[in-house]
2 protein chains.
Amino acid sequence: MPKLGMEPIRKDALVKATITEIGRTGSLDVTVSQIAKRAGMSSALAHHYFGSKEDMFLAAMRHIMTIYGAEVRGALGVAQTPMARIEAIVVASFSAANFRREAVGAWLNFWVLAQTVPQAKRLVAVYQRRLKSNLLVGLRPLVGARAEAIAEGLGALIDGLYLREVLRPGAPDGAAAAQMARAYLAAHLADAP
Amino acid sequence: MPKLGMEPIRKDALVKATITEIGRTGSLDVTVSQIAKRAGMSSALAHHYFGSKEDMFLAAMRHIMTIYGAEVRGALGVAQTPMARIEAIVVASFSAANFRREAVGAWLNFWVLAQTVPQAKRLVAVYQRRLKSNLLVGLRPLVGARAEAIAEGLGALIDGLYLREVLRPGAPDGAAAAQMARAYLAAHLADAP
DNA sequence: TTTTTTGTTGATTGACGAGTCAATAAACTT
DNA sequence: AAGTTTATTGACTCGTCAATCAACAAAAAA
């Protein structure tokens, strides 16, 4: 039954299955067979398309970051004021697409992976740089030199909210998390210039 | 050469070796042999004192939390004002003993472990509850009803700073992290009542 | 139509690692 | 002195899993 042009479809299915499986179990200790099974194929085929399990992990990381990046870019595109730019980033960070169990669970595990795999570390570094840079563009017109420290803090707060989400019972509450980030901002903007 | 009363010494060595090894490799994928070797004994002996690898992990978690808890309690003991109480927690959180590579790396991995192992999850929950409660005692006299949200945010920020420390190059900078937490507080305290 | 390329899997290999066991020995008890 | 408890390890079992391979099938190219 081999239809041609399966490669992108299979790869996509595997990437999604990887995220699902890591998020579901909350661990990088998932077998290639588990992932392949969830993606509806044999483990041998998974190895055929991705050379190794590590490659699957990296592709899954890139996928998460791509989604996140696209959403941020989209929201940023329609932001007119500095304040709106920051708000756009906050909203995107805690949107339903990004701030969901699976994705957050996978994200945390990728952070851990970054301690072992240089490629993964680079990916996280890219995420951090972009986030900071995006925040700075919005913050500088508002607070000048203080922007640096505020961006750093807001970045850490967002990561911390992700981290905590992982262990929270019940459905994720992106709105509450976003509110927390906004409060951080409001406080810092109101503070002495 | 068996001297008696080895149990506590061996267990202690194993707990410390577990933290070192997890922190060093940045992963829970450490073998019992690795840990035992670093602790200066055979893997069989490690299994003799702790029933399983998971038990070792849990003991290591408890150890980290005990150190942290003791330091917080110590600092809290000499704090006279609400503000001093909060400052005590911040200082303890980023003290040299707690905010060091190994410990932070291990801490993150234990957070991940908590997704899989209920016992570990409970331990993290205890840590979170204590942190929040300690912060609230200091915050309530200062900001009343807003204390809840501020404590939650400060907790998330502290966790986020830990999370980011894991991937930062160079020696940990507890002073900078503490400064970030203080800025968060200052901003929120200065903000409208 | 033969050949090549693409898709697919069951079976196998090879490594690694948690946990068990038997054996040895020193100390302590009776 | 005989027996028991504690300390200790090398060797072994048993399971798991990433990665490979041989084989088969269908489409495309020659």
Side-chain angles (χ1 to χ4, degrees), chain A residues 1-22 24-61 106 109-110 112-113 116-120, chain B residues 1-22 24-61 106 109-110 112-113 116-120:
Chain A
M1 353 179 134
K3 312 210 168 144
L4 287 228
M6 281 286 102
E7 177 154 355
I9 290 135
R10 293 302 201 184
K11 277 196 163 184
D12 192 68
L14 281 169
V15 160
K16 281 173 182 159
T18 303
I19 293 167
T20 304
E21 213 55 19
I22 292 179
R24 201 179 59 78
T25 68
S27 153
L28 292 172
D29 269 331
V30 288
T31 70
V32 173
S33 299
Q34 263 173 70
I35 296 170
K37 185 171 188 180
R38 178 164 298 262
M41 71 194 82
S42 71
S43 72
L45 193 55
H47 272 104
H48 172 69
Y49 284 122
F50 291 93
S52 68
K53 185 157 103 160
E54 193 172 298
D55 281 346
M56 280 181 237
F57 284 172
L58 290 171
M61 270 187 87
N109 277 281
F110 290 148
V112 169
L113 186 68
T116 317
V117 181
Q119 285 257 0
Chain B
M1 356 176 133
K3 314 208 168 144
L4 287 230
M6 281 286 101
E7 177 154 355
I9 290 135
R10 292 303 202 184
K11 279 196 161 184
D12 191 68
L14 281 169
V15 160
K16 282 174 181 157
T18 302
I19 294 168
T20 303
E21 213 56 18
I22 291 179
R24 200 180 61 77
T25 67
S27 155
L28 292 172
D29 269 333
V30 288
T31 69
V32 173
S33 300
Q34 262 174 71
I35 297 170
K37 185 171 189 182
R38 179 164 297 263
M41 71 193 83
S42 72
S43 72
L45 194 55
H47 272 104
H48 172 68
Y49 284 122
F50 290 94
S52 67
K53 185 158 103 160
E54 193 173 299
D55 281 345
M56 279 181 239
F57 284 173
L58 290 171
M61 271 187 86
N109 277 282
F110 290 147
V112 169
L113 185 68
T116 318
V117 180
Q119 285 257 0

Distance check needed: C:dT4 P versus A:Leu4 CG, whole Å only. 17 Å
Mind calculating the distance between CE (A:Met6) and P (C:dT9) to the nearest angstrom? 11 Å
Whole Å only: how far is the CG atom of B:Leu45 from the P atom of D:dA11? 17 Å
Would you write out the dot-bracket form of DNA chain D, 5' to 3', with Watson-Crick and G-U pairs under 3.5 Å, [ ] for crossing pairs, | for pairs to other strands and . for unpaired bases? ||||||||||||||||||||||||||||||
Rounded to whole angstroms, how far apart are NZ on A:Lys11 and C1' on C:dG7? 14 Å
B:Phe57 CZ to C:dG19 P, in whole Å, measures 10 Å
Would you mind reporting whether B:Phe57 and B:Met61 have side-chain heavy atoms less than 4.5 Å apart? no
Please report the interatomic distance CD(A:Glu54) to OG1(A:Thr116), rounded to the nearest 0.5 Å. 9.0 Å
Rounded interatomic separation in angstrom, taking CD1 from B:Ile9 and P from D:dA7: 9 Å
Nucleotide C:dA27, atom P - distance to CD of B:Glu7 in whole Å: 18 Å
Locate the shortest heavy-atom distance separating A:Ala39 from A:Leu14; write the atom from each residue and the value. CB-CD2, 3.9 Å
All heavy atoms of B:Val30 vs all of B:Ser27, minimum pair found to be CG1-O, 3.8 Å
Quick one: pull up CG in A:Leu113 and CD in A:Gln119 and give me the separation to the nearest 0.5 Å. 10.5 Å
For C:dG7, does either OP1 or OP2 sit under 4.0 Å from a side-chain N or O belonging to A:Tyr49? yes
At their closest point, which heavy atom of B:Arg10 faces which heavy atom of B:Gly40, and how far apart are they? NH1-O, 3.6 Å
Verdict with supporting geometry, A:Leu58 and A:Phe50, side chain to side chain contact (heavy atoms under 4.5 Å, CB included): CA-CA 10 Å; A:Leu58 290 171; A:Phe50 291 93; over 6 Å; no
Could you run down the sub-3.5 Å N/O contacts of the protein with nucleotides 17-21 of chain D?
{"unit_1": "D:dA18", "atom_1": "OP1", "unit_2": "A:Lys53", "atom_2": "NZ", "d": "2.7"}
{"unit_1": "D:dA18", "atom_1": "OP2", "unit_2": "A:Val32", "atom_2": "N", "d": "3.0"}
{"unit_1": "D:dA19", "atom_1": "OP2", "unit_2": "A:His47", "atom_2": "NE2", "d": "3.2"}
{"unit_1": "D:dA19", "atom_1": "OP2", "unit_2": "A:Lys53", "atom_2": "N", "d": "3.0"}

What is the distance, rounded to the nearest whole Å, between atom CE of B:Met41 and atom C1' of D:dT6? 15 Å
Taking all atoms of both residues into account, what is the closest heavy-atom pair of B:Phe110 and B:Ile22, and its distance? CE2-CD1, 3.8 Å
Reported CD1-to-NZ distance for the pair A:Ile35 and A:Lys53, which is rounded to 0.5 angstrom: 6.5 Å
Quick one: is C:dT6 close enough that its OP1 or OP2 comes under 4.0 Å of any side-chain N or O from A:Arg10? no
How would you label the contact of A:Phe50 with the nucleic acid (heavy atoms, under 4.0 Å): base, sugar-phosphate, or nothing? nothing
